[in-house]
**Q** 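The structure under discussion is supplied below as structure tokens; questions concerning it will follow.
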Amino acid sequence: MSDGVWDYSVFWKESINQIRENISEQEYVMWFNNIEYDSSGENEIILRVPSSFYRDQVKQRYLTLLQNILLELSGNHINVSFVVKKMSGKKRESSKEIKKSAAQPLVQKAKKKNHPQLRDEYIFQSFVIGENNSFAANASIAIAKNPGKAYNPCLIYGGVGLGKTHLIQSIGNSAHNDFDNIKIEYITAETFTNEFIQSIRNQSTHKFKNKYRSVDLLLIDDIHFLQNKNETQEELFHTFNALYDSNKQMVFTCDRPVSELKHLSSRLRSRFERGLNVDLQPPNFETRFAILKQKIDDKEIPIPEEVIDLIARNVTSNVRDLESALTKLIAYADLVNKSITIDVAQHQLRDLFSNPRQSNITIDMIQRAIADYFGLSHNDLRGRKRTNAIAFPRQLAMYIAREITEYSTTEVGRDFGGRDHTTVMHACQKIEERKHSDPTLEPTIQHLIRSIKEYGTKA
Ligand code: ADP
Ligand code: MG
């Protein structure tokens with residue numbers, strides 16, 4: 001450190017050793033294998049990270065801890081800053097490279113027959129990684145390369161059409177391709193339940209148990225379906241334990257965080273929560289654009305950039321809706337033998353373009369949906385009680401009412417037991433604030449809005 005040349009690399013090495021002792025191995029591998037020491041400045045240490053996503057996550061999770069350790073070690077306040085750069089290579093592969101190697105094992109093998117339960121288009125190569133899904137996608141890639149070793153179990157959660165099935169099946173396809181003799185079962189929770197019931201009827205439960213307890217990789221899609229299915233839950237609980245004890249990999253998907261599954265036994269819930277839980281968020285504009293581009297490339301159909309831009313701007317809900325917009329447009333162009341121009345797109349897709357303020361939704365419907373979700377009564381939301389258990393769902397209901405209906409704050413207040421419009425404004429502000437501190441809130445809100453809208457179209 002003489003002559004103004006600063007070198008805190010030793011402190012960095014020692015701090016990560018200490019951090020390693022403080023957090024789980026899995027967390028360490030996830031976050032710290034992706035960070036490299038870059039350089040030092042006066043009272044400053046500069047670290048290299050592969051993306052702004054990593055930088056933000058690491059800052060949020062570990063910056064304070066890291067700075068405290070550095071202070072203890074050096075006796076100085078050492079600032080930690082990050083540069084987003086390609087890693088030096090020896091330590092880390094970029095997700096693209098992982099993608100490639102996950103798909104192409106070093107020794108080229110003869111192409112295996114497809115796995116009977118997996119769709120062959122659900123592979124990592126066709127999954128576009130953006131900030132909304134990179135944690136889930138990279139964890140999935142790691143699992144596929146090292147089943148039973150990296151993150152076990154893993155639970156991927158997120159709203160409809162955000163890529164849960166695509167990712168869980170990609171894990172299966174990749175492992176099926178890379179490992180000889182690996183036993184993989186992919187099943188939806190619904191089919192699992194039906195098979196189990198059938199096996200009870202046929203008195204063949206031992207066969208059922210055998211089948212699922214002898215796999216190397218168990219992939220169960222949509223476990224929210226298991227709610228209220230007590231016997232199936234019990235069965236899965238034992239399957240889980242058997243597989244877990246023998247280090248067999250399990251991956252599950254769910255439409256919300258497990259903590260929000262109401263009708264699930266607590267012991268099964270705690271099993272799901274034991275490993276890594278990662279979420280999928282709706283894609284941002286850039287990722288939507290990239291996804292559309294990729295889907296079009298696959299089809300080799302000329303679609304002008306401005307049309308892609310138009311769709312990416314207007315279809316914001318999820319990837320499934322993006323795909324339907326594209327399919328609809330291509331089908332139309334095909335049918336009437338027209339090329340796809342911005343006018344054609346605008347006209348054909350006007351119904352699909354998100355129209356968040358739906359007139360058929362009433363405040364009453366919103367209240368019922370939220371009350372149901374939180375296990376409250378409809379009257380709780382309109383009443384006077386202000387316990388925490390009621391105040392938050394009530395605020396959320398007000399917020400959603402303002403988001404998806406045309407009612408004014410005065411009208412909303414009136415329907416919530418004659419409250420003042422300032423109460424509604426306050427509620428909306430509270431929810432906005434909470435969204436910043438609680439990353440699970442936005443997906444929950446999106447989930448609720450979807451179920452309210454579904455209910456709205458049926459009503
Ligand atoms: P979920 O199971 O979460 O409801 P899916 O996995 O069925 O969602 O995804 C819906 C559609 O969107 C599928 O056709 C899937 O291939 C596609 N999709 C989702 N996410 C991505 C992505 N990141 N890149 C490319 N395609 C995607
Ligand atoms: Mg799915």
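Every number for a ligand or one of its atoms is a count from 1 in the order of the listing. These values consider heavy atoms only, across backbone and side chains, with no hydrogens, waters or symmetry-generated copies.
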**Q** Give the residue and atom name of whichever protein heavy atom lies nearest to atom 8 (O) of ligand 1, and the separation in Å to one decimal.
**A** Gly163 N, 3.1 Å
**Q** To which protein heavy atom is atom 23 (N) of ligand 1 closest, and what is the distance rounded to 0.1 Å?
**A** Val128 O, 2.8 Å
**Q** On a heavy-atom basis, which atom in Arg271 and which in Pro153 lie closest, and how many Å separate them?
**A**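 Heavy-atom minimum between the residues: O-CG, 3.6 Å.
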**Q** With respect to Leu217, which candidate in Met250, Gln249, Glu185 satisfies the side-chain contact (heavy atoms from CB on, under 4.5 Å) definition?
**A** Gln249
**Q** Give the residue and atom name of whichever protein heavy atom lies nearest to atom 4 (O) of ligand 1, and the separation in Å to one decimal.
**A** Gly161 N, 2.7 Å
**Q** How does Asn133 reach ligand 1, by side chain, by backbone, by both or by neither, if only non-hydrogen atoms under 4.0 Å count?
**A** side chain
**Q** May I ask you to check whether Tyr157 and Glu260 show a side-chain donor-acceptor distance below 3.5 Å?
**A**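 Result is no, nothing qualifies.
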**Q** Looking at ligand 1, is there an atom of it that comes within less than 4.0 Å of some heavy atom belonging to Gly158?
**A**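 False for this residue.
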**Q** Would you name the heavy atoms of Tyr122 and Thr165 that are closest together and state the gap between them?
**A**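 Minimum heavy-atom separation between Tyr122 and Thr165: CE1-CG2, 3.9 Å.
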**Q** Can you report which non-hydrogen protein atom sits closest to atom 7 (O) of ligand 1, along with the distance?
**A**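 So the nearest neighbour among protein heavy atoms is Arg320 NH2, 2.9 Å.
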**Q** Does Phe237 have Arg267 sitting over its ring (NZ/CZ under 6.0 Å from centre, angle to axis within 45°)?
**A**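 Pair Arg267/Phe237 counts as cation-pi.
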**Q** Please work out which of Leu322, Leu292, Asn132, Val319 has its closest non-hydrogen atom nearest to atom 20 (N) of ligand 1.
**A** Val319
**Q** Which word best sums up how the rings of Phe196 and Phe208 line up, parallel for under 30°, tilted for 30 to 60°, or perpendicular for over 60°?
**A**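 Rings of Phe196 and Phe208: tilted, as their planes differ by 30° to 60°.
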**Q** Report yes or no: is the cationic atom of Arg256 (NZ for Lys, CZ for Arg) closer than 6.0 Å to the six-membered ring centre of Tyr373, at no more than 45° off its axis?
**A**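 So Arg256 doesn't make the cation-pi contact.
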**Q** Let me check your reading of the structure: within less than 2.8 Å of the Mg ion (ligand 2), is there an N/O/S atom from Thr188?
**A**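 So Thr188 does not bind the Mg ion (ligand 2) by this criterion.
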**Q** Under 3.5 Å between any N/O of Lys164 and any N/O of ligand 1: does that happen in this structure?
**A**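 Such a contact does occur with ligand 1.
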**Q** Run the contact test for Lys295 against ligand 1 with a 4.0 Å cut-off on heavy atoms, strictly below, and give the result.
**A** yes
**Q** Is it the case that His238 and Glu234 place a side-chain donor and acceptor less than 3.5 Å from each other?
**A** yes
**Q** Exactly one of Val215, Leu219, Asp216 should register a side-chain contact (heavy atoms from CB on, under 4.5 Å) with Ile184. Which one does?
**A** Leu219
**Q** Which option wins on minimum heavy-atom distance to atom 15 (C) of ligand 1: Gln125, Glu121, His166?
**A**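 It is His166 that holds the nearest heavy atom.
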**Q** Can you tell me how far the OG1 atom of Thr205 sits from the CD1 atom of Ile197, to the nearest 0.5 Å?
**A** 13.0 Å
**Q** Which of the atoms in ligand 1, numbered in the order shown and given with their element, are less than 4.0 Å from a heavy-atom of Gly159?
**A** 3 (O)
**Q** Considering only the protein, which heavy-atom contact is closest to atom 13 (C) of ligand 1, and what is its distance?
**A**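 For this ligand atom, the closest protein heavy atom is Glu323 OE1, 3.7 Å.
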**Q** Testing the 3.5 Å rule here: is there a donor-acceptor pair between the side chains of Tyr186 and Asp221?
**A**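 Result is yes, a qualifying pair exists.
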**Q** Give the residue, atom name and distance (to 0.1 Å) of the protein heavy atom nearest atom 21 (C) of ligand 1.
**A** Phe127 CE1, 3.7 Å
**Q** Can you find an N or O of Val160 that's nearer than 3.5 Å to an N or O of ligand 1?
**A**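 It does not: no N or O of Val160 is found under 3.5 Å from an N or O of ligand 1.
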**Q** May I ask whether Pro283 places a heavy atom under 4.0 Å from ligand 1?
**A** no
**Q** Indicate, as side chain, backbone, both or neither, the part of Ser126 found under 4.0 angstrom from ligand 1 when only non-hydrogen atoms are considered.
**A**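 Just the backbone.
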